[in-house]
Student: 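Take this structure, written in structure tokens, and hold onto it; I'll ask about it next.
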Protein chains: 2
Amino acid sequence: MKPTIYDVAREAGVSIATVSKVINNQQVGKKSKEKVLKAMKELNYKPSILASALTGKPTSTIGFLLPDLANPFVAEVARRVEDRAHERGYNLVICSTDFNPEKEALYISLLRQKSVDGFILAGSFKNVEVLRELLEEHIPVVLLTEFYPSLSVNSVKVDDFIGGYEVASHLISLGHQKIAVIAEEANSSRERIRGYKQALRDHGLDMDDEMIVTSDSSTEDAERLAGELLDRSDPPTAIFACNDLLAISVFLAARERKLSIPDDLSVAGYDNTLLSRSTDPPLTTVAQPIQEMCSQAVDFLIEEIEGKSKIKQRIVMSPQLMIRKSTGVCRLEK
Amino acid sequence: MKPTIYDVAREAGVSIATVSKVINNQQVGKKSKEKVLKAMKELNYKPSILASALTGKPTSTIGFLLPDLANPFVAEVARRVEDRAHERGYNLVICSTDFNPEKEALYISLLRQKSVDGFILAGSFKNVEVLRELLEEHIPVVLLTEFYPSLSVNSVKVDDFIGGYEVASHLISLGHQKIAVIAEEANSSRERIRGYKQALRDHGLDMDDEMIVTSDSSTEDAERLAGELLDRSDPPTAIFACNDLLAISVFLAARERKLSIPDDLSVAGYDNTLLSRSTDPPLTTVAQPIQEMCSQAVDFLIEEIEGKSKIKQRIVMSPQLMIRKSTGVCRLEK
DNA sequence: TATATGAAAGAAAGCGCTTTACATTTTCTT
DNA sequence: AAGAAAATGTAAAGCGCTTTCTTTCATATA
């Protein structure tokens, strides 16, 4: 059997209370402390976090919900969040929600039963009801990569509006007039589109909602949509994909149609994942300061958990346009 | 405050024992059962998994250690394992070990304090000491993607030897004689190399250990190594990268040197991640039946946890060579 | 009708830890 | 050296649940 605090107490010849105190670094006489420490070593004793959590102590565990680990951007976010959490002495329980509000509710409920100390909700968290509930019950939460303007909740994200604006401006400056967008069903995409529209407006270009298509989150669907875009009688000369994964689908659709990038078609992505380095030509995309965002989100959450801060904050970081070779001067201009 | 079993009991007018019984689907009179169920709804009662775990019940939580989420193959494995685990009613606590034996030991110890029911160790788990300990204490463990021939432990993997053999044979059949390998520090790579060597031997080709280089797991290092390979006075005409990530690095190094793939250099990867579709030309690689492996691993673990099976099993699945455009006839033959 | 039988419900102990309130020892004053 | 103050240690209750052991009670049996 695993040793318990009783075993240690017996071995050390003190009471369990004393053992508890040395575990928690409380005032204990030097001699007793030594005896206890020695006993703990000898028995290879490790306190049960369960038992201590039952008495009200936090579990040092964070629930982390994300839409889908298969997206490299999300995977990297997970990686960074995990790193920071471990640095700060917390564990992460990860759940993929697949953009599904019921799963979101389910996992949150489950994790609460397991007494996680707080939640980080990454990507597009859809179930506002559940989120509101968490806030009402003062469960520590931070939103990563997204805001809910109507709710007071700690959030960290990158300015998607600006990102979209910059991509579109870049494309426009290359002479493109017909710029399509392929998005996913998420707030971040909506913001990027807002930025894109603003850029068009600022440059006096026509807006055409037909040019904006939304994919469910599968690769096949995205490729199909991209293909449809390219097969139009009046196809776009540039496509802004709201993430790199979507951009790959555009590449694939273009390749199938023997379109050369960037000569026949300019493509821009978003997220600066390793995918954007692997394509040929390398993908113009938007970099987000992933590590900073993630560290910040974890730190926010831990502050809230440890009760150090009562005020809610929102941090918006700046994206950075990475111009590579997948975008070029519009062929119609040449 | 969150409602406890006492609140429910009071509300329903029964004892807590009765409530506990309905929670656990034990023999309870119909009338009491209804009253309890009703009370639970009304109070929105959710049992504390902590408290129940303290009495010896399992926590329905699996510890999942993997080397690095940033590798898309690993991310997909994580995704599948998570899916299957959730299907079976288990949660996953994920920890990235960075190929670091101390981290491995640390996380295992931590997770044991949190009373996870068992472990899935994916990728290359290095700390044999710790693994042995787990086995001795009869903690359920399954190895995913790797074997320890000397230890009796449930394992699921793909036959890396065959994978390596097939890649090399494919390359050889294209006329390549100087085939370099770029590997990572892991057993799976070692097996793939074994397969590669066997293929060379079977075809009567010379073996040259100089042609095999091992990268730490960073992209930069891999790119540097690939470059060194290509800059040799007698460079290889083909490179077998032990995973797709490494293959990308080879692509990058080749692109930098204006080498055309596959005309000047054939490149093969391993894992069939989405990276292999995004490159140009698309990457020849080896597909692993990720979903089946992961489901199987989870199922093994759960069987062991639930005590349904006492015997240890090893499953080896077959890899599949995916020939795409990054490998071609050796230029020296043309 | 009296008794045996089994199902249903409850009392209470225990899981491993924290914490409060109290008892004991040590240390310091004067 | 006596008494007060500070430091140290302990007993015991409680966290929310499971489980064993009884007790209670309705039903079947003779």
Side-chain angles (χ1 to χ4, degrees), chain A residues 1-40 43-61 109-117 306-307, chain B residues 1-40 43-61 109-117 306-307:
Chain A
M1 263 325 273
K2 278 185 70 174
T4 75
I5 198 172
Y6 287 93
D7 301 319
V8 176
R10 189 175 337 105
E11 180 81 13
V14 300
S15 76
I16 61 165
T18 304
V19 177
S20 175
K21 281 180 186 156
V22 355
I23 293 171
N24 297 290
N25 282 312
Q26 305 190 28
Q27 189 80 256
V28 174
K30 206 174 168 207
K31 290 193 83 167
S32 311
K33 184 161 180 175
E34 265 173 19
K35 284 190 294 180
V36 170
L37 254 18
K38 178 152 166 285
M40 298 204 308
L43 299 175
N44 187 28
Y45 167 76
K46 297 277 190 313
S48 152
I49 294 186
L50 252 55
S52 78
L54 192 55
T55 71
K57 279 182 72 169
T59 56
S60 299
T61 306
S109 165
L110 223 60
L111 295 181
R112 290 188 60 187
Q113 286 189 52
K114 294 196 174 164
S115 302
V116 302
D117 297 337
E306 300 181 348
Chain B
M1 261 328 269
K2 279 186 70 174
T4 74
I5 200 172
Y6 287 93
D7 300 319
V8 176
R10 189 174 338 105
E11 180 80 12
V14 299
S15 75
I16 60 164
T18 305
V19 177
S20 174
K21 281 175 188 157
V22 353
I23 293 172
N24 297 290
N25 281 313
Q26 306 191 26
Q27 191 80 255
V28 175
K30 207 177 168 206
K31 291 195 80 169
S32 310
K33 183 163 182 175
E34 266 174 16
K35 286 191 294 182
V36 170
L37 254 18
K38 180 154 165 285
M40 297 203 309
L43 298 176
N44 187 27
Y45 168 75
K46 299 277 191 314
S48 152
I49 294 185
L50 253 57
S52 77
L54 191 54
T55 72
K57 279 182 70 170
T59 54
S60 299
T61 306
S109 164
L110 223 59
L111 295 181
R112 289 188 62 186
Q113 287 189 52
K114 294 197 173 163
S115 302
V116 302
D117 298 336
E306 299 180 351

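A, B, ... follow the sequence lines: proteins, then strands. Residue 1 opens every chain. Just so it is clear, the model here is predicted, and its values are computed rather than measured.
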Student: Measuring from the side chain of A:V14 (C-beta onward, heavy atoms only), which nucleotide among C:dT18, D:dC17, D:dT10 has the closest atom?
Tutor: D:dT10
Student: Judged by modelled atom types alone, do B:S15 and B:T18 share a side-chain donor-acceptor pair under 3.5 Å?
Tutor: yes
Student: Could you walk me through whether B:I5 and B:S20 satisfy the side-chain contact (heavy atoms from CB on, under 4.5 Å) test, starting with their C-alpha distance in whole Å, then the side-chain angles of each, then the deciding distance to 0.1 Å, before giving a yes or no?
Tutor: CA-CA 8 Å; B:I5 200 172; B:S20 174; 4.0 Å; yes
Student: Nearest whole angstrom, please: distance from the P of D:dT10 to the CD1 of A:I5.
Tutor: 12 Å
Student: Any luck finding a side-chain donor-acceptor pair between A:T61 and B:K114 under 3.5 Å?
Tutor: yes
Student: The side chain of B:S32 is closest to which nucleotide in this list: C:dA9, C:dG16, C:dC15?
Tutor: C:dA9
Student: In this structure, how many angstroms lie between the P atom of C:dA13 and the CD1 atom of B:I16, rounded?
Tutor: 12 Å
Student: Take atom CZ of A:R10 and atom P of D:dT10, then tell me their distance rounded to the nearest Å.
Tutor: 15 Å
Student: Which part of the nucleic acid does A:K21 contact within heavy-atom distance under 4.0 Å: base, sugar-phosphate only, or nothing?
Tutor: base
Student: Tell me whether the OP1 or OP2 atom of C:dC17 has a side-chain N or O from A:S52 closer than 4.0 Å.
Tutor: no
Student: Under 4.0 Å, counting only non-hydrogen atoms across every strand here, what does B:S20 touch: a base, just sugar-phosphate, or nothing?
Tutor: base
Student: I want to check one thing: is the phosphate of D:dG14, taken as OP1 and OP2, less than 4.0 Å away from some side-chain N or O of B:Y6?
Tutor: no
Student: Taking for each residue the nucleotide of DNA chain D bearing the nearest heavy atom, is the 5' side occupied by A:A51 or by A:T18?
Tutor: A:T18
Student: Scan B:G56 against the nucleic acid and name what it touches under 4.0 Å (heavy atoms): base, sugar-phosphate only, or nothing.
Tutor: nothing
Student: If you measure from OG1 on B:T59 to CG on B:D117, what distance do you get to the nearest 0.5 Å?
Tutor: 3.5 Å
Student: If you find the nucleotide of DNA chain C closest to B:L54 and the one closest to B:V28, which residue's nucleotide is nearer the 5' end?
Tutor: B:V28
Student: Looking at the side chain of A:A17, which of C:dT18, D:dC17, C:dT19 is the nearest nucleotide?
Tutor: C:dT19
Student: Is there a side-chain contact (heavy atoms from CB on, under 4.5 Å) between B:K46 and A:S109 once you walk through the steps?
Tutor: CA-CA 8 Å; B:K46 299 277 191 314; A:S109 165; 3.4 Å; yes
Student: Can you tell me the distance, in whole Å, between the NZ atom of A:K31 and the P atom of C:dT25?
Tutor: 15 Å
Student: Taking the side chain of A:T55 as its heavy atoms from C-beta onward, which of D:dG16, C:dG16, D:dA11 lies nearest to it?
Tutor: C:dG16
Student: In whole angstroms, how far is the C1' atom of D:dA6 from the CD atom of A:Q27?
Tutor: 10 Å
Student: Rounding to an integer number of Å, can you tell me how far B:N24 CG sits from D:dC17 P?
Tutor: 11 Å
Student: Can you tell me how far P of C:dC17 sits from CD1 of A:I23, to the nearest Å?
Tutor: 6 Å
Student: Round to a whole Å and report the spacing from NZ of B:K30 to C1' of C:dA9.
Tutor: 18 Å
